[in-house]
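Only one structure is covered here, and it is reproduced in the block below.
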Amino acid sequence: MLQVSFLRQNRDLAKKKLAIKHFAQPDLVDTVIDLDDERKQLQASFDETQAKVNSASKEIGALMAKGDKEKAEATKISVGEWKKQLEPLKEKMAQVEIDLQNALVQFPNLPHDLVPLGKSPEENVLVREGGVLPKLPAGAEAHWDLIKKYNLVDFETGAKITGSGFPLYIGKGAKFQRALVQYFLDFNTAAGYTEYLPPFMVNAASAFATGQLPDKEGQMYHATEDDFYLIPTAEVPVTNIFRDVVLKEAELPLQMTAYSPCFRREAGSFGKEVRGLNRVHQFEKVEIIQIVHPNKSDEVLNEMVVHVEKLLVSLGLPYRILRLCGGDMGFASAITYDFEVYSAAQERWLEVSSVSNFESYQTYRMKCRFKDAAGKIQFAHSLNGSSLALPRIFAAIVENYQTESGIALPKALQSYFGAENLI
RNA sequence: AGAGAGGUGUCCGAGUGGUUUAAGGAGCACGCUUGGAAAGCGUGUAUACGGCAACGUAUCGGGGGUUCGAAUCCCUUCCUCUCUGCCA
């Protein structure tokens with residue numbers, strides 16, 4: 001969420017930056033400032049009257065103690081008058097605050113200066129690429145055929161149990177998932193991240209704090225009986241650890257990693273784009289999250305990008321890193337780098353990680369602050385990234401490591417899987 | 001799931017309608033004292049909003065109510081603990 005004080009001081013800059021994100025209602029900036037002016041005015045007169053009520057009430061107490069009942073009763077009457085004035089003020093103030101809040105949550109985060117202009121994925125900027133394209137055997141197949149051939153994943157039975165997009169992993173396929181999770185977590189903790197295993201459902205307050213609510217309501221599964229939401233990513237529960245918390249500056253940076261299943265309704269496209277493991281409703285992911293000093297977030301973002309890159313290199317997959325343009329970025333992000341892995345058999349790039357700096361957008365929304373050396377309270381910055389999302393890594397490894405007689409494994413995974421080859 | 005007990009500041013903890021301006025203690029910070037340390041003494045020690053400021057307003061788990069006045073009374077909700085039940 002953007003801060004009114006910032007919008008007030010940077011009215012034109014904010015509008016310019018919102019335009020980069022293709023935000024359709026620049027005038028909302030003015031609306032918000034007007035509403036805030038109104039709120040201030042209302043509060044001033046409310047506070048003034050309330051102060052009169054408070055001091056008169058105290059006076060009544062003193063008069064009663066003295067036994068001056070007559071004067072006490074007279075004071076009660078004037079208090080009654082003031083309270084009548086208070087009622088409409090209170091209502092109006094509550095309404096203005098709701099309006100202000102409703103307007104504020106509509107703003108996406110402002111883009112970082114490095115964010116390229118552009119509207120669609122084609123306008124994302126290639127930062128660098130690495131890895132080598134594999135030489136696939138003749139008759140190389142896409143992962144949806146390979147997993148069937150080797151009985152690693154059964155979509156039909158998953159659909160029978162739950163619905164489409166809920167894959168059932170079997171045998172070596174299931175074990176491979178477990179090996180990947182274990183490897184990713186170990187890789188992250190070795191780099192200093194603390195491992196968490198969070199709840200997989202969150203309440204509405206948590207979903208609001210990380211920006212899933214109110215605008216992305218339909219993308220989450222909702223357990224209505226208890227009003228819990230199934231998490232779309234571990235970012236939600238883990239970042240919320242620090243909701244309404246004032247940290248000490250010395251505690252920063254906080255580095256967390258967590259495995260979780262991710263649940264996404266993903267109302268969307270059909271066909272090749274979503275075939276096999278390319279897009280599913282439930283998938284496994286290991287996430288990295290940092291809460292840092294605002295001065296450090298640019299630097300930390302780069303560190304996180306390098307961290308994820310090293311992980312991809314260790315898997316021997318051909319990859320590229322893109323800096324997303326304003327039109328392709330997430331709502332809450334100030335700057336995002338996407339990692340894509342080349343699926344040789346599908347002949348297309350698959351997004352496997354997205355690393356973002358949210359700056360103070362989430363932390364303001366969830367009141368995650370820290371006390372600096374001077375004793376001043378400031379909002380921290382939050383960042384997160386996948387390291388990594390499993391299904392597409394699974395797909396890419398199965399495709400890129402296929403041989404004529406089976407599927408090989410990257411060296412780094414062999415000890416985790418307990419064999420040199422997947423098949 | 002049923003019954004009961006609770007939720008107060010950084011922490012412990014007092015507080016059943018009015019100098020509570022939340023006692024007292026601990027911790028922490030600063031100062032005094034000291035050769036140095038401990039002890040002792042003194043001062044300070046939540047957040048948000050409004051205001052140039054003085055200061056004001058709100059907050060005793062959350063929300064609502066009663067009252068001139070609520071940490072205190074009522075309703076509601078969440079959470080924790082104990083016992084019982086159920087369960088991997």
Side-chain angles (χ1 to χ4, degrees), chain A residues 1-9 32-105 197-209 213 222-229 237 240-252 261 360 362-380:
Chain A
M1 204 155 69
L2 299 180
Q3 300 180 45
V4 185
S5 58
F6 179 87
L7 294 175
R8 195 182 277 284
Q9 283 158 34
V32 157
I33 293 169
D34 290 345
L35 281 169
D36 194 47
D37 284 336
E38 197 182 348
R39 180 190 63 84
K40 283 185 186 189
Q41 220 172 6
L42 285 167
Q43 193 182 335
S45 47
F46 179 87
D47 283 1
E48 197 189 331
T49 311
Q50 183 66 51
K52 281 198 263 184
V53 170
N54 286 349
S55 69
S57 294
K58 233 173 258 176
E59 216 175 288
I60 292 169
L63 290 169
M64 297 288 247
K66 261 199 293 181
D68 192 345
K69 235 177 159 179
E70 213 171 291
K71 206 165 174 191
E73 288 303 323
T75 311
K76 272 192 199 183
I77 289 167
S78 36
V79 171
E81 299 282 310
W82 291 325
K83 285 192 68 169
K84 260 183 229 156
Q85 294 172 27
L86 238 36
E87 274 310 308
L89 276 174
K90 202 172 163 185
E91 268 171 47
K92 200 154 183 205
M93 202 154 70
Q95 190 53 53
V96 168
E97 261 160 32
I98 290 167
D99 291 347
L100 182 60
Q101 181 75 5
N102 287 345
L104 271 177
V105 295
L197 183 60
F200 299 153
M201 290 198 241
V202 295
N203 56 32
S206 292
F208 176 83
L213 292 180
H222 188 190
T224 52
E225 181 100 0
D226 297 288
D227 199 21
F228 293 152
Y229 293 87
N240 268 284
I241 295 168
F242 303 99
R243 169 153 54 88
D244 292 321
V245 168
V246 180
L247 296 155
K248 297 187 186 94
E249 186 168 357
E251 291 177 81
L252 302 176
S360 60
Q362 288 181 328
T363 53
Y364 176 64
R365 206 169 162 122
M366 73 169 121
K367 310 234 171 330
C368 171
R369 295 161 293 174
F370 72 97
K371 199 171 241 178
D372 67 20
K376 225 184 118 204
I377 305 264
Q378 293 188 46
F379 289 98

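To find a chain, count down the sequence lines: A is the first, B the second, and so on, and within it residues start at 1.
- For A/Gly80 and A/Val246, each mapped to the nucleotide of RNA chain B holding its nearest heavy atom, the one lying further toward the 5' end belongs to A/Val246.
- Taking atom CZ of residue A/Arg39 and atom P of nucleotide B/A58, one finds them 16 Å apart after rounding to whole Å.
- In this structure, A/Met93 atom CE and B/G56 atom C1' are separated by 13 Å, rounded to whole Å.
- Residue A/Ala51 is in sugar-phosphate contact alone, with no base atom involved, counting any heavy-atom pair closer than 4.0 Å across all strands shown.
- Contacts of A/Lys248 with the nucleic acid, taken as non-hydrogen atoms under 4.0 Å apart, are absent.
- Base pairing of B/C60: no nucleotide in any strand meets the Watson-Crick or G-U wobble criterion (both distances under 3.5 Å).
- When heavy atoms are screened at a 4.0 angstrom cut-off, A/Ile77 is found touching no nucleic acid atom at all.
- Put simply, A/Lys52 has no side-chain N or O that comes within less than 4.0 Å of OP1 or OP2 on B/G56.
- A/Gln50 has no side-chain polar atom (N or O) that falls below the 4.0 Å cut-off from OP1 or OP2 of B/G56.
- The shortest distance between the side-chain N/O atoms of A/Lys371 and the OP1/OP2 oxygens of B/U47 is below 4.0 Å.
- For the C1' atoms, the distance linking B/G17 with B/U72 amounts to 7 Å, nearest Å.
- One P atom belongs to B/C49, the other to B/G13, and the distance between them is 32 Å to the nearest Å.
- The separation of B/C11 from B/G27, taken at their P atoms, amounts to 16 Å, rounded to a whole angstrom.
- Ranking B/G51, B/C68, B/G56 by closeness to the A/Gln43 side chain, first place goes to B/G56.
- Rounded to whole Å, the P atom of B/C83 lies 27 Å from the corresponding atom of B/U76.
- Rounded to a whole angstrom, the distance from the P atom of B/A38 to that of B/G56 is 39 Å.
- Across every strand in view, B/C73 sits in a pair with B/G65 that passes the Watson-Crick or G-U test at under 3.5 angstrom.
- Straight-line distance from the CG atom of A/Asp47 to the P atom of B/U57: 7 Å, rounded to whole Å.
- Whole-Å rounding puts the A/Ile60 CD1 to B/G17 P distance at 18 Å.
- Between A/Val202 and A/Asn240, the closest side-chain pair of non-hydrogen atoms is not below 4.5 Å.
- Between the side chains of A/Ser57 and A/Asn54, not a single donor N or O lies within less than 3.5 Å of an accepting N or O.
- Comparing B/C60 with B/A71, their C1' atoms are spaced 5 Å from each other, to the whole Å.
- Comparing B/C78 with B/A29, their P atoms are spaced 41 Å from each other, to the whole Å.
- Contact of the A/Lys71 side chain with the A/Glu59 side chain is not registered, since no non-hydrogen atoms from C-beta on lie closer than 4.5 Å.
- If you check B/C52 for Watson-Crick or wobble pairing at under 3.5 angstrom, you find it has no partner at all.
- For A/Met201, the CE atom is loosely surrounded, since the number of other residues' heavy atoms within 6.0 Å does not exceed 12.
- Checking B/G44 for Watson-Crick or G-U wobble geometry (two distances, each under 3.5 Å) identifies B/C28 as its partner.
- With respect to A/Asp37 and A/Lys40, no salt bridge is recorded, no charged nitrogen being found less than 4.0 Å from a carboxylate O.
- Across all strands shown, B/C87 has no partner, as no Watson-Crick or G-U wobble contact with both distances under 3.5 Å is found.
- Remark: B/A39 base-pairs with no nucleotide; criterion is Watson-Crick or G-U wobble with both hydrogen-bond distances under 3.5 Å.
- As rounded to whole Å, 13 Å separates atom C1' of B/U59 from atom CG of A/Asn54.
- Both A/Val79 and A/Lys40 sit near RNA chain B, but only A/Lys40 has its closest nucleotide nearer the 5' end.
- Whole-Å rounding puts the A/Lys90 NZ to B/G65 C1' distance at 10 Å.
- For B/A23, there is no paired nucleotide, since no Watson-Crick or G-U wobble pair has both relevant distances below 3.5 Å.
- Side chain of A/Thr49 to backbone of A/Leu86: no donor-acceptor contact under 3.5 angstrom is found.
- Base pairing analysis places B/A14 opposite nothing; no Watson-Crick or G-U wobble pair with both distances below 3.5 Å involves it.
- By the 6.0 Å contact criterion, CD on A/Gln41 is open, its count of non-hydrogen atoms from other residues, nucleotides or ligands being 12 or less.
- In this structure, the NZ atom of A/Lys83 is 7 Å from the C1' atom of B/U67, given to the nearest Å.
- Remark: C1' of B/C49 and CG of A/Asp37 are 15 Å apart, rounded to the nearest angstrom.
- The same atom, P, is picked in B/G63 and in B/A70; the two are 15 Å apart, to the nearest Å.
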